[in-house]
Participant: 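Below is a structure I'd like to ask you about.
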Amino acid sequence: MKEKPDTFLRKVSLFADLPDEDLKKIVRLTRIRQYRKQEVIFYADDPGTALFILKSGMVKISVMDKDLREVILKLLYPGDFFGEMALLDGQHRSATVTAMERSEAVVLDREAFLSILRQKPELILTMLLTVCRRLRQTDEKIRSLVFADAYGKVAETLLRLINEKGERGDDGVSIELPFSTKDLASLVGITRQTLSKVLKEYQRAGVIKMLRRQIHILDEARLQREALS
Ligand code: CMP
């Protein structure tokens, strides 16, 4: 059975503390949109017209350099919002957002979103906390991109994925990877060839085990050391 929009929005941390009545009002202002795997939800530099809250699936936030090399800034999962920046500062979209698998999003138009923020300023604080967390993660990513070698960059990305979607078992942590090695390379910020070399070396050293669409982390402590070095 499909989840009702207000049942879903109640679980979204942004709206968790809102009284039922306010949440119902917000639900009336939203619509649901579906996206196919690989469908672009919007491009960097598009004008910003709506806020999105991911209901199911997964999306990537990415930017391209002039040779169309992609860097994935962040993966987002159900309950995460995106598209707030262009709505708040009135500028164009700062990055491209693409569905990595079949995805569904709750969409709130700009005017409705701004009017809710005016009526419920406490939402601004909640939103700001998420934006601060993302900025910290981006700072970490910049540090890794600038200072770490390929082993450190891969280690940093794997540790982040463990945090976001790792499943702990008796002999380590498993990370599902429902995307291509090209995407994983864009997430790390290195070429596919370098990624493949590093993963092979980590596998040889017993740090990870590669399975189809899954990476099993056997030695998390080693990844932590690599990420810091
Ligand atoms: P907006 O600029 O409207 O469109 C792109 C969206 O991607 C942006 O809003 C944020 O929601 C999100 N975004 C942009 N940069 C980052 C980042 N560094 N980390 C996480 N999310 C981001």
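Since this is a predicted model, take the numbers as computed values, not measurements. Counting starts at 1 for both ligands and their atoms, in listed order.
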Participant: Is it true that Q137 and K74 share a donor-acceptor pair across their side chains at a distance under 3.5 Å?
Facilitator: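 Yes - a donor-acceptor pair under 3.5 Å links their side chains.
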Participant: May I ask you to decide if the ring planes of F82 and F42 are parallel, tilted or perpendicular, using 30° and 60° as cut-offs?
Facilitator: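 F82 vs F42 ring planes: tilted.
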Participant: Looking at residues at least two apart in the chain, or sitting in another chain, which of them share a side-chain contact (heavy atoms from CB on, under 4.5 Å) with K141?
Facilitator: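 Partners of K141 by the side-chain contact (heavy atoms from CB on, under 4.5 Å) criterion, ordered by chain and then number, come out as V71, L145, R160.
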Participant: So if I only count non-hydrogen atoms and take anything under 4.0 Å from ligand 1, which residues does that give, chain by chain?
Facilitator: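 The 4.0 Å shell around ligand 1 contains F42, I61, L73, K74, F82, G83, E84, M85, A86, R93, S94, A95, R134, T138.
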Participant: Please lay out, stage by stage, how E201 and R204 fare under the test salt bridge (charged side-chain N to carboxylate O under 4.0 Å, His left out).
Facilitator: CA-CA 5 Å; E201 180 51 32; R204 198 197 56 74; 2.8 Å; yes
Participant: Which heavy-atom pair separates P178 from R213 by the least distance, and what is that distance?
Facilitator: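 For P178 versus R213, the nearest heavy atoms are C-NH1, 3.5 Å.
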Participant: Rounded to the nearest 0.5 Å, how far apart are NZ of K24 and CZ of R10?
Facilitator: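 These two atoms lie 8.5 Å from each other.
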